[in-house]
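Owing to the predicted nature of the structure, the values given are computational and were not obtained by experimental measurement.
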Amino acid sequence: MPTFYGTEIASALMLGTAQYPSPAILADAFRQSNAGIATVSVRREAGGEQAGQDFWRLVSDLNVALLPNTAGCHSVREAVTTAHMARELFDTPWIKLEVIGHADTLQPDPFGLVEAARILTEDGFQVFPYCTEDLVLCDRLVQAGCEVLMPWGAPIGTGLGLNNIYGLRSLRAHFADIPLVVDAGLGLPSQAAHAMELGYDAVLLNTAVAQAGDPAAMARAFALAIEAGRAAFTSDPMSPRDMAAPSTPVLGKAFL
């Protein structure tokens with residue numbers, strides 16, 4: 001099971017809480033997924049007895065670890081302020097850090113991301129940065145104090161899967177001791193299984209489940225795929241070969 005900042009999580013599936021047709025469907029999807037972490041946008045919440053308390057009660061009843069995020073933030077100042085709101089509201093040092101740099105692709109701003117990560121880690125936050133698969137960026141994030149990296153598979157909500165297998169594999173090799181999570185772009189359970197086969201510790205997704213025709217069934221499918229992918233990685237799979245190799249022994253075969 002993955003361990004983030006010293007906390008062991010019961011499942012390698014991290015699931016978002018947005019875009020579900022109803023609260024009941026959201027709850028059912030989480031039950032079927034056995035997700036270990038729920039991500040929550042701070043912008044849907046409010047403190048005290050203000051608006052948003054129904055949603056807060058809903059996610060509390062999921063009985064999973066909560067990872068608030070700074071979704072939709074486009075500047076360092078906005079992300080840092082949102083993170084402080086999240087810590088006060090959810091009473092956790094965990095924060096999924098998003099600093100969006102491009103409106104069409106929702107690609108992270110690498111410069112703002114590193115700066116915000118440094119500010120927040122120095123203030124006691126445990127940062128989960130949403131980033132690209134760039135080795136230099138990820139190295140800067142680790143230097144800034146991040147102990148988890150969350151590179152995208154593809155742009156958020158696209159369902160394109162793992163667009164840069166080489167880059168993701170390189171990250172795994174370079175950051176052998178850092179927990180890695182594929183965050184965003186997954187559309188099918190097979191894509192999640194592939195991420196786990198590459199040796200990633202977890203995957204984070206939302207749209208693929210929330211917008212499926214049957215979110216609960218899709219959540220279950222992702223749970224099974226992640227389990228299969230992890231088992232494949234730990235079983236030391238065969239390496240690809242250029243030449244065919246018979247699976248049936250030819251020793252002892254009669255030659256006519």
Are there over 12 heavy-atom neighbours, none belonging to Glu197, within less than 6.0 Å of that residue's CD? yes
Treating Glu78 as the side-chain partner and His74 as the backbone partner, does any N or O pair qualify as donor plus acceptor under 3.5 Å? yes
Does the pair Phe233 and Arg172 meet the rule for a side-chain contact (heavy atoms from CB on, under 4.5 Å), with working shown? CA-CA 12 Å; Phe233 173 73; Arg172 181 69 287 174; 5.7 Å; no
Taking a hydrophobic cluster as the set of Ile, Leu, Val, Met, Phe, Trp and Tyr residues connected by side-chain heavy atoms closer than 4.5 Å, whether directly or through intermediates, do Leu180 and Ile165 fall within one such cluster? yes
If only atom types and distance count, is the side chain of Ser235 paired as donor or acceptor with the main-chain N or O of Ala231 below 3.5 Å? yes
Report yes or no: do Leu198 and Leu205 belong to one cluster of Ile/Leu/Val/Met/Phe/Trp/Tyr joined by side chain heavy-atom distances under 4.5 Å? yes
Taking atom types as modelled and ignoring hydrogens, do the side chains of Asp123 and His84 form a donor-acceptor contact shorter than 3.5 angstrom? yes
Would you find a donor on one side and an acceptor on the other, under 3.5 Å apart, between the side chain of Gln211 and the backbone of Thr207? no
Any Phe222 side-chain heavy atom under 4.5 Å of Ser33 side chain: no
From CG (Asn69) to OG1 (Thr82), nearest 0.5 Å: 9.5 Å
Please report the interatomic distance CG(Leu113) to SG(Cys146), rounded to the nearest 0.5 Å. 7.0 Å
Rounded to the nearest 0.5 Å, what separates atom CD1 in Ile95 from atom CE in Met85? 10.0 Å
For Trp152, what are the other residues in its hydrophobic cluster, where any two members join if their side-chain heavy atoms are less than 4.5 angstrom apart? Ile100, Leu106, Tyr130, Ile156
From OG1 (Thr17) to CG (Leu62), nearest 0.5 Å: 8.0 Å
With sequence neighbours excluded, tell me which residues meet salt bridge (Lys or Arg N to Asp or Glu O under 4.0 Å) with Arg140. none
Give the C-alpha distance, both sets of side-chain angles, the deciding distance and a yes or no for side-chain contact (heavy atoms from CB on, under 4.5 Å) between Val40 and Leu67. CA-CA 6 Å; Val40 182; Leu67 176 61; over 6 Å; no
For the hydrophobic clusters of this structure (ILVMFWY residues joined by side-chain heavy atoms under 4.5 Å, transitively), does one cluster hold both Ile178 and Leu171? yes
Any side-chain heavy-atom pair of Pro68 and Leu89 under 4.5 Å: no
Salt bridge (Lys or Arg N to Asp or Glu O under 4.0 Å) against Glu122, all qualifying residues, sequence neighbours excluded: Arg118
Say whether Val142 and Leu97 are linked into one hydrophobic cluster, either directly or through other cluster members, by side-chain heavy-atom distances under 4.5 angstrom. yes
Does Ser22 use its side chain to pair, donor to acceptor, with the backbone of Ile25 at less than 3.5 Å? yes
Are any side-chain N or O atoms of Ser11 and backbone N or O atoms of Asn34, one a donor and one an acceptor, separated by less than 3.5 Å? yes
dist Glu8:CD -> Thr3:OG1 (nearest 0.5 Å) comes out at 4.5 Å
Would the distance check show the side chain of Thr121 and the main-chain N or O of Ala144 forming a donor-acceptor pair, the cut-off being under 3.5 Å? yes
Ignoring hydrogens and geometry, is there a side-chain-to-backbone donor-acceptor pair from His194 to Ser190 under 3.5 Å? no
Ring-ring centroid check Tyr5 Phe128, cutoff 6.0 Å: yes
